[in-house]
Peer 1: 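Here it is, the structure, as structure tokens.
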Amino acid sequence: MGQQMTVTFLGAAGTVTGSKHLLTIGERRVLVDAGLFQGEKKWREQNWAKFPVEPGSISDLVLTHAHLDHCGYIPALVKHGFTGTIWCTPDTIELAEIVMMDSAHLQEQDAKDAAAGGWSKHNPPLALYTQEDVQQTMRLFRPVGFDVDTDLRDGLVLRFTRAGHILGSACANLTHEGRTVLFSGDLGRQDHPVLKPRGIPQGADHVLMESTYGDREHPEPDGLPHELFAETIRKTVGRGGSVLVPAFAVDRTEAVLKEITQMRKAGRIPEVPVFVNSPMALAALKVYQGSEELRDDMRPEDFADLPNLREVTSVEESKALNNPKFPCIIISSSGMATGGRVVHHLEKMLPDPKHSVVLTGYQGVGTRGRSLLEGAKQLKMHGRYVPVRATIVQDSEFSVHADCSDLLDWLRDLPRKPRTVFLVHGEQDSAEALREKIITEFGITCVVPRFGEVVSIEATEGADEPRPSAPEQVGSPVQLPSRPSPLPMPPTRGLTMLQLANRLARALDAGDAEQLAQVVSGPITRGGQVQDPAEWMARAHGFELVDLVDAGPRAVARGTVQGRDVVLFLTTAGETLSAVEEVGG
């Protein structure tokens, strides 16, 4: 093997946020994600620390999705010299611009407020980066689609697969000289309420996998969906109060609006004004409504089909909602109450017992949302403590993070078993619990890396070693004392996957329907639709097998048909293939 290849864990190791994974190939440096740390002070201070390598020495940045803890540090890198290419999906580009611009605006505003209020120890308080830095950053983005190989030069190849977490979210597979690393990014649940389901990435020897919900399962609704949310709205409105919903601007606000729309149409909640008080959420909502990544049963109006839905754009309107004079629902970011307009609403509404706060997602350690969830009696905001008398509830049904079962299913569905899994994006207890499950179920090496740890990335063991042509060429015969002859072993049943794949390829190459029927005993599908064998053979005539990734009873066969790439999922059952699925090329 040529150049050394390593991964350094510069974020989301020992904590959930601040995703940064540095891939080094010889002298080349590629960063996967560059997010802001959130939550505990010891992690937030890392946002201001000197980056471990010179940002200008990084050639490329691969961005899995547009949440702040994955993209929010990119403008700081640009500010300090990064000029490389940023690769991500088209929807991620649109959302990342919204998220980073909002982040820059909030930092600039917080610096001004801190200077005026005198609660910062810095003189003068500064923003980590500005909106001008974000504008410089946007010039570096390049769009990449799902399930296509992108040449990043010098033998490095990138492939994105749909992750189903938020719009545009992707798993990233990076390959170089036979060495493969798969970055899961944040994985979605198998039944996302808004988006198409996640895909199945190519297999890899080394996998960096998120573990946010590695120690728990999402609760199944007991009765009607989101009944706790609906009940809280009914009770709060009944006593003349308002409901505040801290929600992530990207994906969560869209999901919350969808559920409120459905609950109102079903008569489960009263008709009260619904305010979306987040410029970033409003901008993201428009991106969602125009995307092709929505579920087939979703329509753009499903997010906003409410007669009393109001957009709050101005600061003056936002301030008026701090003390609502009539019952209403206010949706505002951020989802963990770490900043933004929702903090001002909390400051004014928490002391009043007639109001309620509904938390709708994961609440990181050290955030205001986590403190409320754990029963805090007061919160510090803008330099002073505020009593908590409002009702606090959490609707866990909104989470679109994969839970433990979802994570294990994703790992199980990979075309081949990895050699090593590194668990990131999780609190220590969550990651350790998932680690034990992976070791027990899959029998593979699984590690919870430390912040700053460096690991080597190697090719499949023995891939470049010379192989003898026959067993008798290795060692010398062992002389054993004579013993009675053992009973004969029963004959081995079934063919290897490679044998079956070659027989399939020969049948297609010859266009022989009878030979195809002997190899394939089950259904042939394409895009989820069962195919007529004769019609499928005509389409796949001339198939040439290029590569086979064998994973026991299942395999991925890659080949070409008249210059067109074709990928087949093969399932074996003894002497035949029990299923053939064409998944694209």
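In this chain, numbering begins with 1 at the start of the sequence shown.
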Peer 1: Centroid separation under 6.0 Å, is that true for the rings of W43 and F451?
Peer 2: yes
Peer 1: Pairing donors with acceptors under 3.5 angstrom, does anything connect the side chains of R341 and S332?
Peer 2: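 Looking only at side-chain atoms, S332 and R341 do not form any donor-acceptor pair under 3.5 Å.
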Peer 1: Do any N or O atoms from the side chain of S430 and from the backbone of G214 form a donor-acceptor pair under 3.5 angstrom?
Peer 2: yes
Peer 1: Does a side-chain heavy-atom distance below 4.5 Å link L208 with L182?
Peer 2: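 When only atoms from C-beta onward are counted, L182 and L208 do not touch, as no gap falls below 4.5 Å.
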Peer 1: What's the separation between atom CG in L195 and atom NE2 in H165, rounded to the nearest 0.5 Å?
Peer 2: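 Between L195 CG and H165 NE2, I get 10.0 Å after rounding to 0.5 Å.
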Peer 1: Considering residues at least two apart in sequence or located in another chain, which fulfil the salt bridge (charged side-chain N to carboxylate O under 4.0 Å, His left out) criterion with E132?
Peer 2: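 Salt bridge (charged side-chain N to carboxylate O under 4.0 Å, His left out) check on E132 returns nothing, list empty.
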Peer 1: Answer with yes or no whether the side chains of T525 and Q529 bring together a donor and an acceptor at under 3.5 Å.
Peer 2: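 Looking only at side-chain atoms, T525 and Q529 do not form any donor-acceptor pair under 3.5 Å.
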Peer 1: Does one side chain, of D251 or H192, offer a donor that lies under 3.5 Å from an acceptor on the other?
Peer 2: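 Yes, because at least one side-chain N or O of D251 sits under 3.5 Å from a partner of the opposite role on H192.
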Peer 1: Under 4.5 Å between any side-chain heavy atoms of T161 and F146, yes or no?
Peer 2: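 With C-beta onward as the side chain, the pair stays apart.
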Peer 1: So, for W410 and S184, which heavy atoms are closest and what is the spacing to 0.1 Å?
Peer 2: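 In this case the closest contact between W410 and S184 is CH2-CB, 3.7 Å.
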Peer 1: Under a 3.5 Å distance rule, please check whether T236 uses its side chain to pair with a backbone N or O of T232 as donor and acceptor.
Peer 2: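 Yes; at least one donor-acceptor contact below 3.5 Å.
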Peer 1: Between D69 and S19, is there a side-chain donor-acceptor contact under 3.5 Å, judged purely by atom types and distance?
Peer 2: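 No pair is found: no donor N or O on one side chain lies under 3.5 Å from an acceptor on the other.
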Peer 1: So H65 and L95, do their side chains get closer than 4.5 Å, heavy atoms only?
Peer 2: no
Peer 1: Decide yes or no on side chain to side chain contact (heavy atoms under 4.5 Å, CB included) for F160 and V62, but give the supporting numbers first.
Peer 2: CA-CA 10 Å; F160 281 136; V62 176; 3.8 Å; yes
Peer 1: Would you find more than 12 non-hydrogen atoms of other residues, nucleotides or ligands less than 6.0 Å from E217 atom CD?
Peer 2: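 Enclosed: over 12 neighbouring heavy atoms sit under 6.0 Å from CD of E217.
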Peer 1: What's the verdict on side chain to side chain contact (heavy atoms under 4.5 Å, CB included) for Q131 and Q107, showing C-alpha distance, side-chain angles and the deciding distance?
Peer 2: CA-CA 9 Å; Q131 295 178 69; Q107 290 180 62; over 6 Å; no
Peer 1: Is V30 close to L61 at the side-chain level, that is, under 4.5 Å between some pair of heavy atoms?
Peer 2: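 A side-chain contact is absent here, since even the closest heavy-atom pair is not under 4.5 Å.
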Peer 1: So, the side chain of S103 versus the backbone of V99: is there a donor-acceptor pair under 3.5 Å, distance only?
Peer 2: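 No, the answer is negative, given that no donor and acceptor are paired below the 3.5 Å cut-off.
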Peer 1: Return the minimal non-hydrogen interatomic distance between C328 and P324, and the atom names on each side.
Peer 2: SG-CB, 3.9 Å
Peer 1: For the residue pair L174 and L23, establish whether any side-chain heavy-atom pair is separated by less than 4.5 Å.
Peer 2: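 Touching, per the 4.5 Å side-chain cut-off.
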Peer 1: Could you walk me through whether R28 and S59 pass the side-chain hydrogen bond (donor to acceptor under 3.5 Å, both in side chains) test, one step at a time?
Peer 2: CA-CA 7 Å; R28 184 174 180 182; S59 66; 3.0 Å; yes
Peer 1: If we ignore angles and hydrogens, is there a donor and acceptor under 3.5 Å between the side chains of H21 and D33?
Peer 2: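 Side chains of H21 and D33: no pair found under 3.5 Å.
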Peer 1: Could you pull out all residues at least two apart from T89 that satisfy side chain to side chain donor-acceptor pair (under 3.5 Å)?
Peer 2: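 In terms of side chain to side chain donor-acceptor pair (under 3.5 Å), with neighbours along the sequence ignored, T89 is linked to T92.
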Peer 1: Under a 4.0 Å threshold between the charged nitrogen and the carboxylate oxygen, would E317 count as salt-bridged to R310?
Peer 2: no
Peer 1: Using only heavy-atom distances, determine whether the side chains of S291 and D91 contain a donor-acceptor pair under 3.5 Å.
Peer 2: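 Yes, side-chain donor-acceptor contact under 3.5 Å.
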Peer 1: Would you say the side chain of F229 lies within less than 4.5 Å of the side chain of I260, judging by non-hydrogen atoms?
Peer 2: yes
Peer 1: Any side-chain donor paired with an acceptor under 3.5 Å for H345 and N277?
Peer 2: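 Short answer, yes.
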Peer 1: Kindly say whether Q38 contributes a backbone atom to a donor-acceptor pair with the side chain of R44 at under 3.5 angstrom?
Peer 2: no
Peer 1: Is a side-chain donor-acceptor pair under 3.5 Å present for Q190 with D409?
Peer 2: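 The answer is yes; a qualifying pair exists.
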Peer 1: Can you check side chain to side chain contact (heavy atoms under 4.5 Å, CB included) on L31 and D60, steps first, answer last?
Peer 2: CA-CA 6 Å; L31 192 62; D60 302 85; over 6 Å; no
Peer 1: Start with the C-alpha distance between D186 and H67, add both sets of side-chain angles, then the distance that settles side-chain hydrogen bond (donor to acceptor under 3.5 Å, both in side chains), and finish with yes or no.
Peer 2: CA-CA 9 Å; D186 282 354; H67 271 153; 4.5 Å; no
Peer 1: Working to the nearest 0.5 Å, report the span between OG1 of T83 and CD1 of I58.
Peer 2: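 Nearest 0.5 Å value for the OG1-CD1 distance: 10.0 Å.
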Peer 1: Taking 4.0 angstrom as the limit, do E259 and R252 come out as a salt bridge?
Peer 2: no
Peer 1: Given T360 and V256, is the side chain to side chain contact (heavy atoms under 4.5 Å, CB included) satisfied, shown in steps?
Peer 2: CA-CA 8 Å; T360 61; V256 169; 4.2 Å; yes
Peer 1: Without hydrogens or angle criteria, can the side chains of D403 and H218 be said to hold a donor-acceptor pair below 3.5 Å?
Peer 2: no
Peer 1: Judged by atom type as modelled, is there a donor-acceptor pair below 3.5 Å linking the side chain of T17 to the main-chain atoms of F37?
Peer 2: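 No.
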Peer 1: Would you please test Y73 and Y129 for ring pair (Phe, Tyr, Trp, His ring centres under 6.0 Å) and show each step?
Peer 2: CA-CA 9 Å; Y73 190 76; Y129 52 81; 8.0 Å; no
Peer 1: If you compare all heavy atoms of A66 against all heavy atoms of A96, which two are closest, and at what distance to 0.1 Å?
Peer 2: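 So the two residues come closest at CB-N, 3.5 Å.
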Peer 1: Can you give me the closest heavy-atom contact between A431 and L423, atom names plus distance?
Peer 2: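 The pair with the smallest heavy-atom distance is O-CD1, 3.3 Å.
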Peer 1: Looking at M298 and P193, what are the two nearest heavy atoms and their distance?
Peer 2: SD-O, 3.9 Å
Peer 1: How long is the span from the CD atom in E108 to the NE2 atom in H105, to the nearest 0.5 Å?
Peer 2: 8.0 Å
Peer 1: In the structure I gave you, are the side-chain heavy atoms of Q109 and L106 within less than 4.5 Å of one another anywhere?
Peer 2: no
Peer 1: Looking at NE2 of H206 and CZ of F183, how far apart are the two atoms once the value is rounded to the nearest 0.5 Å?
Peer 2: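 Atom-to-atom, H206:NE2 and F183:CZ are 11.0 Å apart.
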Peer 1: OG of S371 to CD1 of I392: how many Å apart, nearest 0.5 Å?
Peer 2: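 That separation rounds to 11.0 Å.
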Peer 1: Partners of R370 by side-chain contact (heavy atoms from CB on, under 4.5 Å), sequence neighbours excluded?
Peer 2: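 If we apply the side-chain contact (heavy atoms from CB on, under 4.5 Å) test to R370, skipping adjacent residues, the hits are Y362, Q363, V365, T367, E374, E427.
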Peer 1: Kindly compute the distance separating CG (L140) from CZ (F82), expressed to the nearest 0.5 Å.
Peer 2: 6.0 Å
Peer 1: Any non-hydrogen side-chain atom of K196 less than 4.5 Å from a side-chain atom of R162?
Peer 2: yes
Peer 1: Cationic tip of K417 within the cone over F442's six-membered ring, i.e. under 6.0 Å and within 45° of the normal?
Peer 2: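 The answer is no; the distance or angle limit is not met.
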Peer 1: Tell me whether R159 contacts the main-chain N or O of D147 through its side chain, where contact means a donor paired with an acceptor under 3.5 Å.
Peer 2: yes
Peer 1: Is it true that R264 and E271 make a salt bridge, defined as a side-chain N closer than 4.0 Å to a carboxylate O?
Peer 2: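 Salt bridge flag = yes for E271 with R264.
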Peer 1: Is it true that a side-chain atom of K79 and a backbone atom of T130 form a donor plus acceptor pair closer than 3.5 Å?
Peer 2: no
Peer 1: Write down the atom of L282, the atom of T313, and the distance for their closest heavy-atom approach.
Peer 2: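 Result for this residue pair: CD1-CG2, 4.2 Å.
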Peer 1: Hydrogens and angles aside, do H226 and Q262 bring a side-chain donor and acceptor to less than 3.5 Å of each other?
Peer 2: no
Peer 1: Please lay out, stage by stage, how T212 and E210 fare under the test side-chain hydrogen bond (donor to acceptor under 3.5 Å, both in side chains).
Peer 2: CA-CA 6 Å; T212 305; E210 70 124 313; 3.1 Å; yes
Peer 1: Check R416 with D205, please: is the shortest side-chain N to carboxylate O separation under 4.0 Å?
Peer 2: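 Yes, this pair counts.
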Peer 1: Would you find a donor on one side and an acceptor on the other, under 3.5 Å apart, between the side chain of S211 and the backbone of V424?
Peer 2: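 A pair under 3.5 Å: yes.
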